[in-house]
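Shown next, in structure tokens, is the structure this report addresses.
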Amino acid sequence: MRAITISGSVQPRLTSGVRLQTDSVTSKSVLLYPEGIIELNETAHEIVSRCDGRSVAEIVQALAKEYDADAAALASDVRETLFDLHRRKLIEWT
Amino acid sequence: MRIPRPYALLAEITYRCPLHCPYCSNPTHYCGATASVADPEADGRSADPTTALSTTRAIAEKGELSAEEWKRVIREAAALGVLQIGFSGGEPLARRDLEELVRFAREANLYTNVITSGIGLDGNRVRALRSAGLDSIQLSFQSDESSLADEIAGASAHRRKLDVAAKIRDAGIPLSLNFVIHRRNIDRLRRIIELAESLGAQRVELANVQFYGWAFLNRAALLPTREQVIRAREIAAAAKARLAGTIDIFYVLPDYYETRPKPCLNGWGQRYLTVNPIGDVLPCPTASSAIPYLRFENVRTRSLDWIWQESESFNRFRGTEWMPEPCRSCPQKEIDFGGCRCQAALLTGNAANTDPVCEFSPNRALVDAVLREINSSSDHVRDWIYRVNPNVKSSVA
Ligand code: SF4
Ligand code: SF4
């Protein structure tokens, strides 16, 4: 697997024009952007809903605390999800 | 058949437009002029053409949907599951109540997009749209510089568009640019992409012209040559690679030069619906003019829910049951859905046929004949007919 390098101090944010919302039909989270919609799985939802100015490291900490999980294991999930959304231009680094 | 839920509504709020692009996908005529075309598959189930004709006339006389009627459509769409709405036309800014409709859609939790030529967008309206909650603007350009761009638009527009792009950017509204590519501007693709870069767009659509509406009428003047297409494809691919990470570039291929058809959205009646200015609900924006024998229902007489679920026009090509050979036994059928129903109707007279662009279509020779004619002729610049506004009464002064 490709190693994903995102510094822990980077602050991920939804790219301007991208909106996080609940789909009232499925009750799932979706990202809406010009001419597109993607459905988020639960992990992605938990991560994206915390992209509010916090750094990657802070997001990992918050999730580890909330789910009583191992931060190191979580970190790779978080990075992978963010990397994927960044590649699709739905998340930007600030 | 399980009926899916729709995701996006295209609200064509007016056919009025200050520009006259010869490739406009709006209908070339209206008011029932085509209602007497017979259904090639009719076995007694098609609507009585005289009824269809008078209904269309009656609707045309009532004019564009009012703001209140559009609000009902938006409410019903949101209830059906629609998450996104694109306001288009014609030129949506031609309606002074655009901001009111955007606000209403935004309050119904829809993602709102305005698809515009930019003409009529001054600083005040940009701010009003921003405060109505508009999520994104898609601005169209005709070319990279004003003499050619204005010739294509049939109006002096290019400089105003540059100014509008700057205003949109300053207001912080995410900007996508759209260029329709055809024989007269395809050789300028490199400069068109440079313009997009300089305007700070997040996303650029370079869409080779598709032959519906006015573009179908003007096909001989708009279809590029094979040589042009090959060069443009290389330029687009290089730009896409170079700008990856900065601007998303979508290059829509000229399908006549392909051997497989473009997929019909996500399938007919699967994810999208269009409501036109007089309230007809269409499975695809070009269906009303390309498939005149389908009877389209109107929001003034039916609920959106009924039209989506029950109407013949939405069910006619849903799924794969309706397909003839060669699509019926083709492994691609769930991927391209047999191509475009509108193109099949325009080229063969029967919307149920395999899209003639497909190499397996028994009608591919129709497309090849057009390509042969274009590629063997030496008159590069041919006359086209400029789009004119249809005679539909507007409800807003
Ligand atoms: S019928 Fe053709 S124009 Fe209409 S949505 Fe399908 S592919 Fe597009
Ligand atoms: S035969 Fe039909 S399904 Fe197969 S590739 Fe052609 S259009 Fe698509």
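Here is how names work: the chains are called A, B, and so on, in the same order as the sequence lines, proteins then strands, and each is numbered from 1. Note that the coordinates shown come from a computational prediction; the quantities given were computed from them, not determined experimentally.
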For this session: With a 4.5 angstrom heavy-atom cut-off, could you sort out which part of B:I115 is near chain A: side chain, backbone, both or neither?
Result: neither

Exercise. Is it the side chain or the backbone of B:L10 that comes within 4.5 Å of chain A heavy atoms, both, or neither?
Worked result: neither

Exercise. Which heavy atom in B:Q84 sits nearest to a heavy atom in A:I37, and how many Å separate them?
Worked result: OE1-CG1, 3.6 Å

For this session: Evaluate the side-chain proximity of B:Y111 to A:P34: yes if any heavy-atom separation is below 4.5 Å, no if none is.
Result: yes

For this session: Using a cut-off of 6.0 Å, state whether more than 12 heavy atoms not belonging to A:D70 lie near its atom CG.
Result: yes

Problem set entry | Heavy-atom closest contact (A:Q21 atom, B:L83 atom, distance) | NE2-CD2, 4.2 Å

Problem set entry | A:S16-B:Q202 side chain donor-acceptor pair, cut-off 3.5 Å | yes

Exercise. In Å and rounded to the nearest 0.5 Å, what is the CG to OG1 distance from B:N109 to A:T22?
Worked result: 8.5 Å

Exercise. Does the pair A:D23/B:R5 count as a salt bridge with the N-to-O cut at 4.0 Å?
Worked result: yes

Exercise. Chain A heavy atoms under 4.5 Å from B:N113: which part of the residue, side chain, backbone, both or neither?
Worked result: side chain

Problem set entry | Inter-chain contacts: residues 59-66 of chain A against chain B, heavy atoms under 4.5 Å | none

Seminar exercise, completed: Here the pair of heavy atoms bringing A:K89 nearest to B:D248 is NZ-OD1, 2.8 Å

